[in-house]
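Structure, as structure tokens:
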2 protein chains.
Amino acid sequence: MPLTTPPGGTPARRRPPGMTDVARLAGVSQKTVSRVVNNERYVSAEVREKVRSAARELGFRPNTAARALITGRFGRIGVVALGTALWGPASLQVALERATRAAGIAVVVAHTVEGEPDSVGEAVEWLLDQGVDAIIIADPVDEGVEVRSDPAVPLYSLGRSVPEAENLLAGASNAESMREAVEHLLDLGHERVWHIAGPATWYPACDRVEGWRAAHEARGIEPPPPVEGDWTPASGYAAGQRILRDPAVTAVACANDDMALGFIRACTEAGLAVPDRVSVTGFDDIPAAAYFTPPLTTVCQRFEADVIRGLGILLRRLGGAPTGAPEPPPHTDTPRLVVRRSTAPPANRRNEAPGKDAR
Amino acid sequence: MPLTTPPGGTPARRRPPGMTDVARLAGVSQKTVSRVVNNERYVSAEVREKVRSAARELGFRPNTAARALITGRFGRIGVVALGTALWGPASLQVALERATRAAGIAVVVAHTVEGEPDSVGEAVEWLLDQGVDAIIIADPVDEGVEVRSDPAVPLYSLGRSVPEAENLLAGASNAESMREAVEHLLDLGHERVWHIAGPATWYPACDRVEGWRAAHEARGIEPPPPVEGDWTPASGYAAGQRILRDPAVTAVACANDDMALGFIRACTEAGLAVPDRVSVTGFDDIPAAAYFTPPLTTVCQRFEADVIRGLGILLRRLGGAPTGAPEPPPHTDTPRLVVRRSTAPPANRRNEAPGKDAR
DNA sequence: ACCAGCGCTGACTACGTTGTCATGCAACGT
DNA sequence: ACGTTGCATGACAACGTAGTCAGCGCTGGT
């Protein structure tokens with residue numbers, strides 16, 4: 001099968017047009033086309049326009065493979081994400097791709113499997129095979145495996161899940177947001193706030209535990225021991241059955257909304273009214289949270305802002321984005337705690353501070 | 001800055017090793033290295049091993065850019081996905097990447113923005129710029145915009161959202177699953193089943209409406225008019241407030257679990273017990289569904305199976321997967337309806353058919 | 001009048017891989 | 001002894017782009 005153009009007649013070529021074809025049509029050299037396409041200097045306005053229209057006419061699209069071959073850069077980053085549809089990870093990934101595309105960089109995803117320790121390593125390996133300029137570990141689970149990396153491809157993480165990688169979300173909102181939620185409960189008059197945490201292998205879970213603990217320590221209070229769940233409503237329910245045997249429990253901060261849902265169910269079944277007898281907060285503000293019974297006081301994460309800021313670091317490390325690096329926007333500190341009806345002052349203080357009415 | 005190796009001393013090269021380097025170390029030609037790497041025939045076992053160990057020693061990784069440049073194929077497909085963390089789209093995307101990687105093909109994602117009609121077109125354009133062998137439109141929303149495609153890059157869709165594209169999920173489970181749920185309700189003795197649908201712009205929503213309608217028509221029943229929501233619990237709640245004015249309503253099939261949640265809340269507030277007075281089904285089987293009050297009867301989708309089957313079509317079109325195409329597995333028809341406690345016979349038949357006890 | 005500098009353009013080459021073709025060698029049948 | 005066949009290997013070209021450098025015409029300073 002000859003790939004070259006047949007000598008006579010209309011050249012019915014299959015091959016997509018290249019710079020050489022554009023150059024021929026515009027009557028210039030291939031190099032000049034390259035200059036126009038890359039917006040280099042030293043091209044007269046006249047030639048520039050001629051090349052542009054020729055490119056448009058042929059439907060020319062620069063070949064990224066050839067470009068990557070010679071520059072050694074791919075204009076792509078790899079993202080290792082946990083293969084789950086959970087609200088947090090999924091939202092993070094969307095935010096990541098948005099911010100990346102805005103910087104002219106494409107995203108190649110590889111999903112891991114929770115519980116398979118080496119799936120992170122496999123994903124990294126796969127991405128390195130594909131050719132990427134950098135890799136971001138967005139998997140929030142630390143299975144304790146060290147990732148062997150290519151020295152030429154820097155490794156980053158969203159939430160310090162990998163020691164070999166630089167964390168792009170250093171000052172992220174997890175701990176701080178949870179602290180806000182706990183302080184809300186303490187401000188309402190609760191003496192201590194119990195905590196239903198996420199799995200200890202998840203860094204966001206650890207951060208939230210930290211924020212919960214910090215809120216107590218700032219007031220010189222010793223927090224009760226946290227209970228570990230696995231993000232599912234089932235685990236929140238089970239935790240509730242254990243915690244609620246202690247009559248001192250009046251306020252519980254859950255590490256996500258799903259566990260809060262399960263916990264509320266445990267309360268209901270135990271005959272403990274929410275929020276009259278027990279106050280509950282969630283984390284994530286999933287769409288359903290406002291329609292729990294009662295509507296859940298929870299924390300809304302700022303994925304977009306955090307990711308954009310973190311990606312700014314990465315882009316600067318890569319030596320400037322191809323299409324002009326947007327400066328990371330100033331850290332706009334929007335309110336994160338969404339107060340609904342699952343929180344109220346404890347029963348013994350009900351008359352002092354009347355509960356807010358949301359609706 | 002000279003890129004070539006300095007003449008004297010240790011060659012402290014920055015450039016990653018190529019086949020030429022491996023060849024030099026193994027004492028063979030570069031072409032032979034290519035043969036070994038690509039598992040071609042006509043290489044003696046001895047040489048093969050020598051090359052392998054040389055490649056391992058240098059940490060050689062074939063350069064995909066160079067390969068793509070000459071073969072004209074990238075080993076990548078682009079996926080246009082809706083930028084949302086909703087359960088369905090997110091699950092689909094994970095399943096898609098899993099199946100694709102198993103076939104040795106990488107995924108480049110581009111997210112759209114719901115409500116921005118041209119964001120699909122922009123995403124496609126962006127993916128074409130990146131260089132992909134095919135594009136899958138996984139965005140479930142049809143904004144009615146036609147997508148201009150490159151003739152060299154075939155366009156596929158997951159759920160026929162784009163007329164220019166071939167649908168990979170032709171016999172998918174949406175309609176059939178919904179039909180199963182509705183038949184479950186009819187079997188329980190309900191005369192008619194109301195429907196809270198998703199937005200009419202979403203194809204999965206249309207398919208579910210279709211399944212709901214089909215279940216009625218198969219029994220010669222005229223279904224009541226469907227009510228359209230927007231997937232959120234809020235819309236399910238609002239729909240409930242409208243529907244529940246009609247005392248004839250005894251069973252409602254919701255197009256997703258979140259709307260079912262909102263609808264249940266509307267029932268509760270209206271003093272209508274679920275399932276004693278009104279039966280409700282959801283769709284998706286999100287983790288929280290089992291912990292609603294009451295636990296939700298819903299439908300579990302088979303993303304993995306559907307996507308693997310659909311991808312089989314694509315891979316065969318692309319002319320066989322690089323690393324050996326796995327044949328699409330036989331369509332294992334696992335049960336999809338998960339019966340929990342939100343469904344029961346209507347009040348007037350309660351004594352005839354006792355409700356199942358799940359727990 | 002001459003050269004230096006600037007703006008603009010093109011020729012040539014390298015990038016790392018695969019495709020094509022040629023070549024060397026051994027085994028085999030005549 | 002000879003050609004034929006098949007395996008194993010290498011030489012060489014090509015893919016489409018960007019980097020390097022040379023060269024053009026013009027301007028301005030000496």
Side-chain angles (χ1 to χ4, degrees), chain A residues 1-5 13-51 54-55 58-75 128-131 152 322, chain B residues 1-5 13-51 54-55 58-75 129-131 152 319 322:
Chain A
M1 156 181 24
L3 276 180
T4 50
T5 311
R13 57 169 64 200
R14 292 250 168 275
R15 195 166 42 81
M19 285 189 176
T20 316
D21 304 295
V22 177
R24 190 162 29 231
L25 181 59
V28 298
S29 76
Q30 172 265 322
K31 178 63 201 183
T32 298
V33 176
S34 167
R35 274 191 269 259
V36 172
V37 168
N38 291 357
N39 278 318
E40 286 177 26
R41 296 184 312 173
Y42 304 144
V43 181
S44 66
E46 182 194 13
V47 170
R48 199 177 288 271
E49 191 42 50
K50 220 166 36 179
V51 169
L58 293 178
F60 167 73
R61 210 181 286 278
N63 184 317
T64 51
R67 178 177 292 178
L69 177 58
I70 194 163
T71 62
R73 295 182 48 175
F74 296 91
L128 288 174
D129 283 345
Q130 294 308 309
Chain B
M1 159 180 25
L3 277 179
T4 49
T5 311
R13 57 170 64 204
R14 293 252 166 273
R15 195 166 42 81
M19 286 188 175
T20 316
D21 304 294
V22 177
R24 190 164 28 231
L25 181 59
V28 298
S29 77
Q30 173 266 323
K31 176 66 203 184
T32 298
V33 177
S34 168
R35 272 191 269 258
V36 172
V37 168
N38 291 0
N39 279 318
E40 286 177 26
R41 296 184 313 174
Y42 303 145
V43 181
S44 66
E46 180 194 15
V47 169
R48 200 177 286 272
E49 191 41 50
K50 221 166 33 175
V51 170
L58 292 178
F60 167 73
R61 209 182 287 278
N63 184 317
T64 51
R67 178 177 294 176
L69 177 58
I70 193 160
T71 60
R73 294 181 49 174
F74 298 90
D129 284 344
Q130 294 308 310

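Everything numeric in this text was worked out from a predicted model, so none of it was measured. Below, chains carry the letters A, B, ... as their sequence lines are ordered, and counting in each starts from 1.
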[N] phosphate, OP1 or OP2: any side-chain N/O from [X] under 4.0 angstrom?
X: A/T20; N: D/dT17; value: no
X: A/R15; N: D/dG16; value: yes
X: B/N63; N: C/dC15; value: no
X: B/S29; N: D/dT9; value: no
X: A/T71; N: D/dA18; value: no
X: B/S44; N: D/dT9; value: yes
X: A/Y42; N: C/dC8; value: no

Is there a side-chain contact between [X] and [Y], using heavy atoms and a 4.5 Å cut-off?
X: A/S29; Y: A/T32; result: yes
X: B/F60; Y: B/V37; result: yes
X: A/N63; Y: A/M19; result: no

Please evaluate the base of D/dA18 for a donor-acceptor partner in the side chain of A/Q30 within a cut-off of under 3.5 Å?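 Between D/dA18 and A/Q30, which were checked side chain against base, a qualifying N/O pair under 3.5 Å is present.
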I'd like to know if B/R35 reaches the base of D/dG10 with its side chain, counting only an N/O donor and acceptor under 3.5 Å.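 Check passes, donor-acceptor contact within cut-off.
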Map B/L69 and B/V47 onto DNA chain D by nearest heavy atom, then report which one ends up closer to the 5' terminus.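 So the residue in question is B/V47.
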Would you mind telling me which residue lines up with the more 5' stretch of DNA chain D, A/N38 or B/K31, judged by nearest nucleotide?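 Taking each residue's closest nucleotide, the earlier one in sequence belongs to B/K31.
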Can you name the nearest heavy-atom pair linking B/A26 to B/A54, along with the distance?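 Here B/A26 and B/A54 meet closest at CB-CB, 3.9 Å.
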For [X] and [N], give me the distance from atom [atom1] to atom [atom2], rounded to whole Å.
X: A/R73; N: D/dA18; atom1: CZ; atom2: C1'; value: 14 Å
X: A/R41; N: C/dG5; atom1: CZ; atom2: P; value: 17 Å
X: A/E40; N: C/dT9; atom1: CD; atom2: C1'; value: 12 Å
X: B/D21; N: C/dC15; atom1: CG; atom2: C1'; value: 12 Å
X: A/M19; N: C/dC12; atom1: CE; atom2: P; value: 19 Å
X: A/R61; N: D/dT17; atom1: CZ; atom2: P; value: 12 Å
X: B/R48; N: D/dT9; atom1: CZ; atom2: C1'; value: 13 Å
X: B/F60; N: C/dT17; atom1: CZ; atom2: C1'; value: 9 Å

Decide yes or no on side-chain contact (heavy atoms from CB on, under 4.5 Å) for A/V28 and A/V47, but give the supporting numbers first. CA-CA 8 Å; A/V28 298; A/V47 170; 4.0 Å; yes
5'-most contact on DNA chain C: B/V37 or A/A45, nearest heavy atom basis?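 The residue mapped nearer the 5' terminus is A/A45.
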